[in-house]
Amino acid sequence: IMIPPIVLTIAGSDSSAGAGTQADLKTIAANGCYGTSVITTVTSQNTKGVNDIFSLPVEVIESQFNAVMEDLDVQVVKTGMLGSKEACLMVDKLLENYMVPVIVDPVMSAKDGTALLEGDGLKALKALLKKAFLITPNIPEAEILTGFKITNVEQMKEACLKMDAQSILLKGGHLEGNILVDILYHDSQFYEFKHRKIQTKNTHGTGCTLASAIASQLAKGLELPEACEEAIEYVKKAIIENYPTGQGNGSLNHFYMIREKKHG
């Protein structure tokens, strides 16, 4: 039996399963890989917002990580919500021992605006970003990382040059207008991925999903520009086929392709 490529997500748990580890594992499976996980935080949340956050002790994060890595052949690591300075420092330390590509989704706030990382935690996250193979900030996160206002594509490119990371996929979902542009800066080149804005409020977990999809495509052997293109297309379809779960921002349909096969 062929074992699919293994991807590890290091992220928070979302009790509504639209974002965080739950979304990551669904995305990894949907993209043809085997997902493993390290939980950093447990959140009590739903489509309306975050009610409570509990950060796991760093010893528990370390124990989970070691249990996975000593037994499974992980191809790519993706990090999401780390939640604290201590968690950022621990993950940074743990990843130093492994030569695998690391994708960092620099999660700083929830969809409802709840701060998930700030102060000293942000400083520790910036240290981790320097070692990442790819970081995937949205525009508000990039503005925090650079102190630079971003309102158009040229400013997105300028912000990429200001961020201290190996490669950057700067997501353009917060731009005004009907055409969105995601900018990849890789090997001193810019790549633009343009797509039409989808009018829906059901976008809970989009960032988690995109980073995990890229990680999966990299684990399958694609080069970064192609992996980003495939992942963006996957997320676009998952948003179009969204689930209006709950009373707030509903979830993407991570397994939209099952419906496509039924009707195909």
Check: [Y] main-chain N/O paired with [X] side-chain donor or acceptor under 3.5 Å:
X	Y	answer
S167	H186	no
N253	F255	yes
T43	I53	no
D105	V107	no
T146	M163	no
D182	K171	no
E141	N138	yes
T203	T206	no
K197	L175	yes
T21	A11	yes

Qualifying ring pair (Phe, Tyr, Trp, His ring centres under 6.0 Å) pairs, either residue in residues 49-96, two or more places apart: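 Ring pair (Phe, Tyr, Trp, His ring centres under 6.0 Å) check on residues 49-96 returns F65-Y98.
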For the student: nearest non-hydrogen atoms of [X] and [Y], plus distance:
X	Y	result
I168	A165	CG1-CB, 3.9 Å
K220	P5	CG-CG, 4.0 Å
I39	V42	CG2-CG2, 4.4 Å
N46	K48	OD1-N, 2.9 Å
G20	C208	N-SG, 3.4 Å
Y234	A213	CD2-CB, 3.9 Å

Do [X] and [Y] have side chains that get closer than 4.5 Å, going by heavy atoms?
X	Y	answer
I183	F193	no
T79	I103	no
M108	I144	yes
L8	V38	yes
Q75	V100	no
N202	I239	no

Assess whether atom [atom1] of [X] is packed by more than 12 heavy atoms of other residues, nucleotides or ligands within 6.0 Å.
X	atom1	answer
N178	CG	no
Q155	CD	yes
K85	NZ	no
E223	CD	no

Spacing of [X] atom [atom1] and [Y] atom [atom2] [to the nearest 0.5 Å]:
X	Y	atom1	atom2	result
L129	I135	CG	CD1	5.0 Å
E86	S55	CD	OG	8.5 Å
I198	K237	CD1	NZ	11.5 Å
I61	L56	CD1	CG	6.0 Å
C160	L170	SG	CG	4.5 Å
C228	E230	SG	CD	11.0 Å

K126 bridged to D92 by N-O distance under 4.0 Å: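 Answer for the salt bridge query: no.
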Less than 4.0 angstrom from a charged side-chain N to a carboxylate O is my criterion; do E96 and K93 meet it?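 Here E96 does not pair with K93 in a salt bridge, since their nearest N and O are not under 4.0 Å apart.
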I need the single residue from V76, D71, V77 that forms a side chain to side chain contact (heavy atoms under 4.5 Å, CB included) with V74. Which is it?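 It is V77, the one option of V76, D71, V77 that forms the side chain to side chain contact (heavy atoms under 4.5 Å, CB included) with V74.
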Here's a test for you: under side chain to side chain contact (heavy atoms under 4.5 Å, CB included), which of V91, L94, V102, V104 qualifies with I10?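 Testing each of V91, L94, V102, V104 against I10, the sole residue satisfying side chain to side chain contact (heavy atoms under 4.5 Å, CB included) is V91.
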Distance-only side-chain donor-acceptor flag, H204 / D14, under 3.5 Å: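 The answer is yes; a qualifying pair exists.
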Taking only residues two or more places apart in sequence or in another chain, which ones pass ring-ring contact (aromatic ring centres under 6.0 Å, His included) with Y243?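 Counting only residues at least two positions away or on another chain, Y243 forms no ring-ring contact (aromatic ring centres under 6.0 Å, His included).
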Under the side chain to side chain contact (heavy atoms under 4.5 Å, CB included) test, which residues partner S44, sequence neighbours left out?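 Once residues adjacent in sequence are excluded, the partners of S44 under the side chain to side chain contact (heavy atoms under 4.5 Å, CB included) criterion are N51, D52.
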According to a hydrophobic-cluster definition based on side-chain heavy atoms being under 4.5 Å apart (Ile, Leu, Val, Met, Phe, Trp, Tyr only), do [X] and [Y] belong together?
X	Y	answer
L89	L95	no
Y191	L210	yes
I232	I240	yes
L218	L222	no
M156	I179	no

On the ring face of F190, is K157 found with NZ or CZ under 6.0 Å from the centre and within 45° of the axis?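 K157 over F190 ring: yes.
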Salt bridge (charged side-chain N to carboxylate O under 4.0 Å, His left out) against E143, all qualifying residues, sequence neighbours excluded: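 Salt bridge (charged side-chain N to carboxylate O under 4.0 Å, His left out) list for E143, sorted by chain: K149.
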Just list the side-chain donor-acceptor pairs under 3.5 Å for residues 24-36, sequence neighbours left out, or say none.
| from | atom 1 | to | atom 2 | distance (Å) |
| --- | --- | --- | --- | --- |
| D24 | OD1 | K78 | NZ | 3.0 |
| D24 | OD1 | S212 | OG | 2.7 |
| D24 | OD2 | T9 | OG1 | 2.6 |
| D24 | OD2 | K78 | NZ | 2.9 |
| K26 | NZ | A17 | O | 2.9 |
| T27 | OG1 | A23 | O | 2.8 |
| N31 | OD1 | Q217 | NE2 | 3.0 |
| N31 | ND2 | T27 | O | 2.9 |
| T36 | OG1 | V7 | O | 3.1 |

In chain order, what residues pass the side-chain hydrogen bond (donor to acceptor under 3.5 Å, both in side chains) check against Q22, with sequence neighbours excluded?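 Q22 satisfies side-chain hydrogen bond (donor to acceptor under 3.5 Å, both in side chains) with S13 only.
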